[in-house]
Structure formats: structure tokens, C-alpha cells
**Q** 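Take this structure first; my questions come after.
Lettering follows sequence order; numbering is per chain, from 1.
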Amino acid sequence: MSGIFNSSIGRKFAMALSAFFLMIFLLQHFAINILSVFSEEAFNSASHFMGTFWVVQYIFQPVLIFGVIFHFIMGFVLEIRNRNARKISYVKNNGGANSTWMSRNMIWSGLTILAFLVLHFIDFWIPEISTKYFQGDMTGLLPDGNFRYYEELHHKFENPLRVAAYCLAFVFLSLHLLHGFNSAFQSVGANNKYTKGLKGFGKAYAILIPLGFVFIALYHHFNH
Amino acid sequence: MNLTLKIWRQKNANDKGKLVDYKISDVSPDMSFLEMLDVLNEDLINKGEDPVAFDHDCREGICGMCSLYINGEAHGPDRGVTTCQLHMRMFKDGDTIFIEPFRATAFPVIKDLVVDRSSFDRIQHAGGFISVNTSGRPVDANNIPVNKHDADEAFEAATCIGCGACVASCKNSSAMLFVGAKVSQFALLPQGKVEATERVLNMVKQMDEEGFGNCTNTGACEVECPKGISLENIARMNREYLAASLKG
């Protein structure tokens, strides 16, 4: 077992495990956000539960932050190592003849998602942490006695520039997932006669989940 | 056909190298790509110039000796063929053709279009074999039953000729298709299972030491492989490696 994560296959395995974790998190995030379209009350209840339940806050949240940071750092490490494996480039290279744009540009779609995450943290996560852990307000209530979660989400998507930035980021997330989903399965060795159906499922996930997030942003923007 | 060739010329491993333009006329569409280069070299020799150095041997797509990155693709624009099987009918009159060596830190250029692929040999030496006692009374291999599906997959993996097109095509210069094929051809057969654990660990260790990149599953290797080696071999190697790491 020793040295596995110092090997090329071990590093890819670790990258895939963090990707699986993030893809499951994304699904859970979407499941809660889509509630805001159907029921303000359900969205508020789910948000309050996620924001105050100790298992989510003190176990899942730190693991998630570690997973995100690990995925990005490992992505950069692999990119640097891979660039060193060909120090002199081809004068003429026809990459489009044998591979998809998404597969060749994971670092760029990943960097776009990283930039979006900075915006997303400033928009939602930092104010949330500040309210709960610095101001000590764990009630999740507005002065009028109603939950604040739906109001905050609805208000954020009033600004068309923010909505445009979110939509653009989700396009890049979709491009990242279109390669990343099946790539993660390949990295853990799940590519054989039994896993043919995964490719179609991966494409559906990569398109439908980001599309769903875009729908949520647009829904709140046009319902003011 | 009249063509313009932009060929990588490099005197030796330490030379910086550059693309040099050559005009070549009356090229028959029925010539192989290497025959076209032979004609160019005859012309260069007649002029007293240094001929273009390139690798070749069987010229039947079997030996894995020929290479060349032609118009941005390993073994050129045709599919399922090596450079020696590529014909000039794949090009049009008046075309400009870029001809470069396979590029990878682990494949240093020796001269012009010739690269040193001995890193593949060292990976093979690290475990790409089975140990068989040939003295005494060896058991005939045909006496050991092998599942037809496994036999077919092992045979397909064994068709890898080790040309290096996978490394050349991969944006990361990863050798995982080559190593995956070599691991698979033994891992699928009973004779290979005996040394399976140490084989995959040693071959992957050697691959990493040679300076090949990490596979990011772009699939370029599978598309450009002249023998159609499948990405499933990389997945199988990953499984073998992870299982071997847990054991070891």
C-alpha cells in the first residue's frame, strides 16, 4: 500500500475519489436548491437543517472544503507534471482529430469553476458563516420572524450580472463534467463490458445538473 | 502530386533543431509515406546534402519501428495504420505536410525524426514477461484451459507493437495505453497471473521513473493507436495496480 499516492495511477485514483465526492455533493446541493422553485417553506426548512445540524456543519462541511481544495491542488500538480512530460511542443498539433475539447482543457474549465467558487463564497458562504459563527445568530430568522434563506437567495439573483456570471460558470461546469464524470470511473478502473451504460448516464448528469442550476438562477431573476 | 514538406531537422540530441522546407514533385498517390521520404532522401544525397534520418524496419505495420508526427497526428491522418502503411493518396496535390518526431521527455530526439524509445524496453524489462521453467518436463500451454473472452482480449492487448503513438498523441505524454496493454495481455491469462502483483507494480514504477505523464483519459491514444488498443486496458491496469497496492 505504501507509495500508492506517489504513483501516477494512485494520484489519478485520489483525483477520481475527490471527484466522486464533489459530484455527490453537487447533486445534494441541486436537490435542495430546486426546492426553492417549488416551495419557499420546503427550501427554508432544508436550508435551516443543513445550516444548523452539527453533523453537516462540523463533519460534512470540513470534509467538503478539504475535498474542494484537494481536487484543485491535485489538478494543478497533475497539470504541471504533465507539462513537464513534454517540454518541447509540436509545431503542428491536431488535437481535435482524436479527443474532445473538454478532455484537453480540464485545467481551464476547472480554473473558471474555481473563479466562480470565489464569487459563490463571497455571495453566500462567507455571509452565512459570519451570521452564524461570528454574530452568533443560529436562528436563521429575519427581524419579521420569517426564515431568511429564501429571501437571501431570491435577492441575490436580482442582479443580471450575477445571473450571467452564474450561467457562464455552469456552462463551464457542464463542460468539465462532460469529460470528468466518465474519466473518474475510468481512473478507478470501471471501464469494461458491465459499465457501458455509465457513459450515457454521465452525459445526462453533466448536462442536466448544471442546466438545473441555470434554471434556478433564471427563475429567481425573472420572478422579482 | 507536388508537395511542400516541412521536416524537423536536428543534427543531434543537443542541437536545438528547426523545421526545414523541401519541395518534392511527381509524388505518386500509390507511394507509401516512407517511400516518398526515400525519394526525397535520394534527391538530397544526389545534391550532396545530409538525408533526413527516420526510423523504419519491416514496412508492413508489424515491427513498431516507424514513427513520425504527420500534420499534427501520430502516424498521420489515416486510422489503424502505421506510417509505413500510410499512403500518399491521403494527401492532395499542393499540400503542405508537417513532419515532426514523436515528442515526449521520455522519447528524446537522437537525430532529425529519430527518437530514443528505449524507455519502453526498460518498462518491459521491469515486468512485461512471464517466468517459465524450460528445463525438465514443461506443460504444454495448450493444456491449460482459457476462457474464450479472456483469450480474445489478451490477444488484442498483445497486438500492441510498442510504436509509441499513444505517448506521442497524448497531451500528457502518458504511456498508460502501452503499459496497460502489456499488463493486460498477461493479467488475462493463467500463466500471467502468477506474477501479476509484482508485474504491475514494477512496470508502473518504471513508467513513472521514465518521466511519462499522467493519463487524463482524453482517449487520443486509443484513436491514434495503429492497432486499435482499447482504453479498457488502462482501466484493467488501474484495477490491477490498485489491487496489487493493497496486497503489497
**Q** Does any heavy atom of chain A fall under 4.5 Å from the side chain of B:E100, the backbone, both, or neither of them?
**A**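 It is the side chain, since no backbone atom gets that close.
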**Q** Mark yes when over 12 heavy atoms from residues, nucleotides or ligands other than A:K132 sit less than 6.0 Å from its NZ; otherwise mark no.
**A**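 It does: A:K132 NZ has more than 12 such atoms within range.
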**Q** Can you measure from CE (B:M207) to CD1 (A:I9) and round to the nearest 0.5 angstrom?
**A**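 Nearest 0.5 Å value for the CE-CD1 distance: 5.0 Å.
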**Q** Chain B: which of A:A97, A:G95, A:G10 shares the most heavy-atom pairs with it under 4.5 Å?
**A**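 Greatest number of close heavy-atom pairs with chain B: A:A97.
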**Q** Under 4.5 Å, counting heavy-atom pairs only, tell me which of B:V223, B:N217, B:L19 racks up the most with chain A.
**A**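 Most pairs with chain A among the choices: B:N217.
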**Q** Counting heavy-atom pairs under 4.5 Å to chain A, which of B:G211, B:C170, B:A106, B:P77 comes out on top?
**A**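 That would be B:C170.
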**Q** Any chance CH2 of A:W108 has more than 12 other-residue heavy atoms, nucleotides or ligands included, within less than 6.0 Å?
**A**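 Result for CH2/A:W108: open.
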**Q** Examine whether an atom of A:K87 lies under 4.5 Å from a heavy atom of chain B, and if so say whether it belongs to the side chain, the backbone or both; otherwise answer neither.
**A**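 Backbone plus side chain of A:K87, per the 4.5 Å heavy-atom cut-off to chain B.
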**Q** Take atom CZ of A:F201 as the centre, draw a 6.0 Å sphere, and report whether it contains more than 12 heavy atoms from other residues, nucleotides or ligands.
**A**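 Result for CZ/A:F201: open.
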**Q** What part of A:N182 gets within 4.5 angstrom of chain B, counting heavy atoms only: side chain, backbone, both, or neither?
**A**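 A:N182 has no heavy atom closer than 4.5 Å to chain B.
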**Q** Might you point out which heavy atoms bring B:R103 and A:S89 nearest each other, and give the distance in Å?
**A**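 Heavy atoms of B:R103 and A:S89 come nearest at NE-O, 4.0 Å.
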**Q** Only pairs of heavy atoms separated by less than 4.5 Å count here; which of A:N84, A:N6, A:I88 has the most with chain B?
**A**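 Option with the top pair count is A:I88.
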**Q** Hey, what do you get for CG (A:N98) to OG1 (B:T218), rounding to the nearest 0.5 Å?
**A**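 Interatomic distance, A:N98 CG to B:T218 OG1, rounded to 0.5 Å: 7.0 Å.
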**Q** Kindly indicate whether the side chain of B:M176, heavy atoms from C-beta on, has any atom under 4.5 Å from the side chain of A:S8.
**A**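 Yes - at least one pair of side-chain heavy atoms lies under 4.5 Å apart.
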**Q** A quick test of your reading: do over 12 heavy atoms of other residues, nucleotides or ligands sit less than 6.0 Å from CZ of B:F155?
**A**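 Atom CZ in B:F155 is not packed in, count stays at 12 or less.
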**Q** Side chain, backbone, both or neither: which part of A:T195 has a non-hydrogen atom closer than 4.5 Å to chain B?
**A**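 Neither the backbone nor the side chain of A:T195 comes within 4.5 Å of chain B.
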**Q** Could you tell me which non-hydrogen atom of A:A85 sits nearest to which non-hydrogen atom of B:F212, and how far apart they are?
**A**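 Distance-wise, the nearest heavy atoms are CB-C, 4.0 Å.
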**Q** Does atom NZ of B:K18 have more than 12 heavy-atom neighbours, drawn from other residues, nucleotides or ligands, at distances under 6.0 Å?
**A**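 Count not over threshold, so no.
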**Q** Taking NZ in B:K205 as the centre, count heavy atoms belonging to other residues, nucleotides or ligands within less than 6.0 Å. Is the count above 12?
**A**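 No, the 6.0 Å shell around NZ holds no more than 12 heavy atoms from other groups.
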**Q** Would you compute the distance between atom OG of A:S99 and atom CD of B:E222 and round it to the nearest 0.5 angstrom?
**A**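 Separation between the atoms: 12.0 Å.
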**Q** Determine the minimum heavy-atom distance between A:R104 and B:K171, stating which atoms define it.
**A**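 In terms of heavy atoms, the two residues are closest at O-CE, 3.6 Å.
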**Q** What distance separates A:N93 CG from B:N71 CG, expressed to the nearest 0.5 Å?
**A**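 It is 11.5 Å, given to the nearest 0.5 Å.
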**Q** I'd like to know which of B:C215, B:S230, B:A235, B:G213 tops the heavy-atom pair count under 4.5 Å against chain A.
**A**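 Counting heavy-atom pairs under 4.5 Å, the top option is B:A235.
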**Q** Side chain from CB out, backbone as N, CA, C, O: work out which of these in A:R11 comes under 4.5 Å of a heavy atom of chain B, or both, or neither.
**A**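 Contact with chain B involves the side chain of A:R11 alone.
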**Q** In Å, rounded to the nearest 0.5 Å, how long is the span from NZ of A:K92 to OG1 of B:T96?
**A**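 Rounded to the nearest 0.5 Å, the NZ-OG1 separation comes to 8.5 Å.
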**Q** Without swapping roles, check the side chain of B:R236 against the backbone of A:N191 for a donor-acceptor pair under 3.5 Å.
**A**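 Pair absent, no side-chain N/O of B:R236 close to backbone of A:N191.
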**Q** Specify the closest pair of heavy atoms between B:T216 and A:H179, including all atoms of both residues, with the distance to one decimal.
**A**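 Smallest interatomic distance, heavy atoms only, reads O-NE2, 2.8 Å.
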**Q** Hey, does the side chain of A:N82 reach the backbone of B:N214 with a donor-acceptor pair shorter than 3.5 angstrom?
**A**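 Yes, because the side chain of A:N82 sits within donor-acceptor range (under 3.5 Å) of the backbone of B:N214.
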**Q** Using 0.5 Å steps for rounding, measure from the CG atom of A:N94 to the CD atom of B:E73.
**A**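 Rounded to the nearest 0.5 Å, the CG-CD separation comes to 5.0 Å.
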**Q** Should we say atom CZ of A:F60 is surrounded by more than 12 heavy atoms from elsewhere, each under 6.0 Å from it?
**A**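 Not buried by this count: 12 neighbours or fewer within 6.0 Å.
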**Q** Name the member of B:W8, B:Y69, B:F107 that forms the most heavy-atom pairs with chain A at distances under 4.5 Å.
**A**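 Heavy-atom pairs under 4.5 Å are most numerous for B:Y69.
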**Q** Taking CZ in A:F124 as the centre, count heavy atoms belonging to other residues, nucleotides or ligands within less than 6.0 Å. Is the count above 12?
**A**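 Correct, the count exceeds 12.
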**Q** A side-chain contact here means heavy atoms from C-beta on lying under 4.5 Å apart; do A:F13 and B:N238 qualify?
**A**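 Side chain of A:F13 against side chain of B:N238, heavy atoms only: no contact under 4.5 Å found.
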**Q** Are side-chain heavy atoms of B:L231 and A:Q186 found at a separation under 4.5 Å?
**A**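 They are in contact (side-chain heavy atoms under 4.5 Å apart), so the answer is yes.
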